[in-house]
There are 2 protein chains.
Amino acid sequence: MSEIFEAPLLNELQRDNTDPLAGPIVVRNAPEQIVERLVTAVALGVYVPGQALPPERELASLLGVSRATVREALRRMTDSGFIEQRRGRNGGSFVLEDWRPSSADLIRRHLMPNWARFEALFDARQLLEPVIAATAALRRNDGDVAALSQALDDYHAATDREESRVADERVHRAIAESTHNSVLVGLSAQIRTRISLDLGAEPYTPEIRRVAAVQHGLLADAVIDQDPERASAIALEHFGLTEKLVRDLVARVQELASLETDE
Amino acid sequence: MSEIFEAPLLNELQRDNTDPLAGPIVVRNAPEQIVERLVTAVALGVYVPGQALPPERELASLLGVSRATVREALRRMTDSGFIEQRRGRNGGSFVLEDWRPSSADLIRRHLMPNWARFEALFDARQLLEPVIAATAALRRNDGDVAALSQALDDYHAATDREESRVADERVHRAIAESTHNSVLVGLSAQIRTRISLDLGAEPYTPEIRRVAAVQHGLLADAVIDQDPERASAIALEHFGLTEKLVRDLVARVQELASLETDE
DNA sequence: GTATATGGTTCGGTCCATAGACCATAAAGA
DNA sequence: TCTTTATGGTCTATGGACCGAACCATATAC
């Protein structure tokens, strides 16, 4: 199952550039890349569980690739328990409701082995996002304000966790896009995708959601009010909260694991 | 010649993430990736003009790839006038002294068509590098200080432009590495590589070099003194200077171009 | 003048992706 | 109920990328 998470989204960003010749060349096959794109799309909420991906023939033409290749990608995703394929007229490739491993499982089998990478990722996010927020506050125009308000409304209107995740993504993307800088937008999206993929089963307790909702509102207000300092400060706090949540969660799971080892 | 600059180093960072399914899948062949790595290595000063790359057989084993593939990559680089291959016992693939197009040529044929991308890149750099500098100042340890001092000494000892470039790269890398965050190190290196590739023929007049040398010294001092505010401010100024230089240069070339059009 | 380290060439094999045709199935629509 | 249609499932033939290994050609070191 979890091999599907190994998508090397940030590899170029983290590859050791000290000696550009170190390390083997890996040719990323078409199917591999297609899996990555589809998984990313789901992680970003473009397709939600229960929904069908576009039909194979359409994917093939969208991605400029043969149907056989698309099928190979979908086969891997089926094998991983990520999607389910159904035949017939209203068939298709459906995102499964519960494709994410349980929190504990995910942490033990995926998060812990790559812990150093996540430390770096969280750390970088907490350093970079405040800059992005501040820049957004300085540069946002009326269109950005409209998009941000809309995203925020959707976020508040969200009822279940899945909707929350999608709306959350849209809020943060709206903020990044207010910087009007494609590098920053891409950077922020990559970090978000990576974290969303790794922590899909983030501990979204109602309590957390309440706090996050308030912070999102404050963050959006700061951007709309063109107050970079406030935006930066709130972003720092907001992403600090997420990080703390994950750390607590990991600590609990680690504790459980050590208990089990004792038995 | 310039097709070798098309290496999509930052593509993942700038690809439109709004719809992950938009755009064709491109399989980055082995030769293509090898060219990118080798060009990167030269851009970062790992190999300087006149120097030979490792022999084909060694490259093949280093990169985990067949010799035929390495040869294909080197053939492309030879075709682009980037390297020269010589046979015989002391033969090899030698980086040419003047593989960079002249400034004017480069700007007209490469920089101008992609101007929006460079705007974004410079802009992002000016936003991100101060954060990196400040973080470096907060986190640097004794080892970092030693590496930074050494790099700075080399920079001051550099005599020609080529040496300057290599030393400049090392100073900035030492600063990025002082953050002890692999994402930041990779990000900074990618931005630097991209800019170095695109602006290899940066206008390094003696005047500029003098100013840059002073700023490098100040920046290093701020990091060594653990003064994040100063580090951040100097970084902002330093990268602002580079940006201004490029803008001036482009403006001049544009003026020339419009004159030529009149004739 | 011989040995050696390098680039230059060739050949057969394997795997990947393409293109296109055709089959199977389930639902929609007449 | 029957036909149509939109989907996934299967097969085959073809071209290309990469590999592995051997061998050739050349220039320098010893």
Side-chain angles (χ1 to χ4, degrees), chain A residues 3 7-8 21 23-38 42 47 50-96 99, chain B residues 3 7-8 21 23-38 42 47 50-96 99:
Chain A
E3 68 280 2
L21 298 189
I25 294 282
V26 283
V27 280
R28 321 242 345 269
N29 320 337
E32 203 175 330
Q33 293 187 52
I34 294 171
V35 169
E36 182 173 323
R37 284 222 201 161
L38 292 174
V42 174
Y47 303 99
Q51 189 177 357
L53 304 179
E56 298 178 348
R57 291 167 176 83
E58 192 178 329
L59 277 178
S61 104
L62 266 176
L63 300 174
V65 99
S66 86
R67 196 177 148 220
T69 309
V70 168
R71 280 186 61 71
E72 170 59 20
L74 294 175
R75 194 194 57 72
R76 292 186 197 179
M77 293 171 74
T78 305
D79 288 354
S80 308
F82 192 93
I83 60 174
E84 176 197 30
Q85 290 191 293
R86 291 205 290 271
R87 297 210 280 188
R89 174 143 178 171
N90 274 14
S93 308
F94 295 84
V95 179
L96 287 181
W99 60 269
Chain B
E3 69 278 4
L21 298 189
I25 295 282
V26 282
V27 281
R28 320 244 342 271
N29 324 335
E32 202 175 331
Q33 293 187 52
I34 295 171
V35 168
E36 183 172 322
R37 284 223 203 161
L38 291 175
V42 174
Y47 303 99
Q51 189 177 357
L53 304 178
E56 297 179 348
R57 291 166 176 83
E58 192 178 329
L59 277 178
S61 106
L62 266 176
L63 300 173
V65 99
S66 85
R67 197 176 148 219
T69 309
V70 168
R71 281 186 60 71
E72 170 60 19
L74 294 176
R75 193 194 57 72
R76 293 185 197 180
M77 293 171 73
T78 305
D79 288 354
S80 309
F82 192 92
I83 60 173
E84 175 197 31
Q85 290 191 294
R86 292 206 290 270
R87 298 209 279 187
R89 177 147 179 169
N90 273 16
S93 307
F94 295 84
V95 179
L96 288 182
W99 59 271

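Numbers restart at 1 for each chain; the letters A, B, ... are given by sequence-line order, proteins then strands.
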Problem - Under 3.5 Å: donor-acceptor pair, side chain of B/Q51, backbone of B/V95 - result: no
Exercise for the section: State whether the side chain of B/E56 and the backbone N or O of B/R71 hold a donor-acceptor pair below 3.5 Å, judged by distance alone. Expected result: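 No: the side chain of B/E56 does not pair with the backbone of B/R71.
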Handout entry: B/Q85 CD to B/L74 CG distance, which is reported to the nearest 0.5 Å
Key =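 That separation rounds to 5.0 Å.
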Exercise for the section: Can you see which heavy atom on A/V65 is nearest to which on A/A30, and at what distance? Expected result: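 Closest approach of A/V65 to A/A30: CG2-CB, 4.3 Å.
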Handout entry: Test side-chain hydrogen bond (donor to acceptor under 3.5 Å, both in side chains) applied to B/E72 - qualifying residues, sequence neighbours left out
Key =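 Residues passing side-chain hydrogen bond (donor to acceptor under 3.5 Å, both in side chains) with B/E72: B/R75, B/R76.
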Give the rounded distance in Å between these two atoms: [atom1] of [X] and [atom2] of [N].
X: B/F94; N: C/dA5; atom1: CZ; atom2: C1'; value: 12 Å
X: B/R89; N: C/dT4; atom1: CZ; atom2: P; value: 8 Å
X: A/L74; N: D/dT7; atom1: CG; atom2: C1'; value: 13 Å
X: A/Q85; N: C/dT25; atom1: CD; atom2: P; value: 16 Å
X: B/I25; N: C/dT18; atom1: CD1; atom2: P; value: 10 Å
X: A/I83; N: D/dT7; atom1: CD1; atom2: P; value: 15 Å
X: B/R57; N: D/dA22; atom1: CZ; atom2: P; value: 12 Å
X: B/E84; N: C/dG8; atom1: CD; atom2: P; value: 11 Å

Exercise for the section: Please examine the side chains of A/V35 and A/F82, heavy atoms only from C-beta on, and report whether any two atoms are closer than 4.5 Å. Expected result: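 Contact flag for A/F82/A/V35 side chains = no.
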Exercise for the section: State whether A/N90 places a side-chain N or O below 4.0 Å from either non-bridging phosphate oxygen (OP1 or OP2) of C/dA28. Expected result: yes
Exercise for the section: Let me know, please, whether A/G64 or A/G88 comes out on the 5' side of the other along DNA chain C by nearest nucleotide. Expected result: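 Looking at the nearest nucleotide for each, A/G64 comes out on the 5' side.
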For nucleotides 10-18 of chain D, give me every protein contact, N/O to N/O, under 3.5 Å, one pair per line with atom names.
from, atom 1, to, atom 2, distance (Å)
D/dC18, OP1, B/A30, N, 2.8

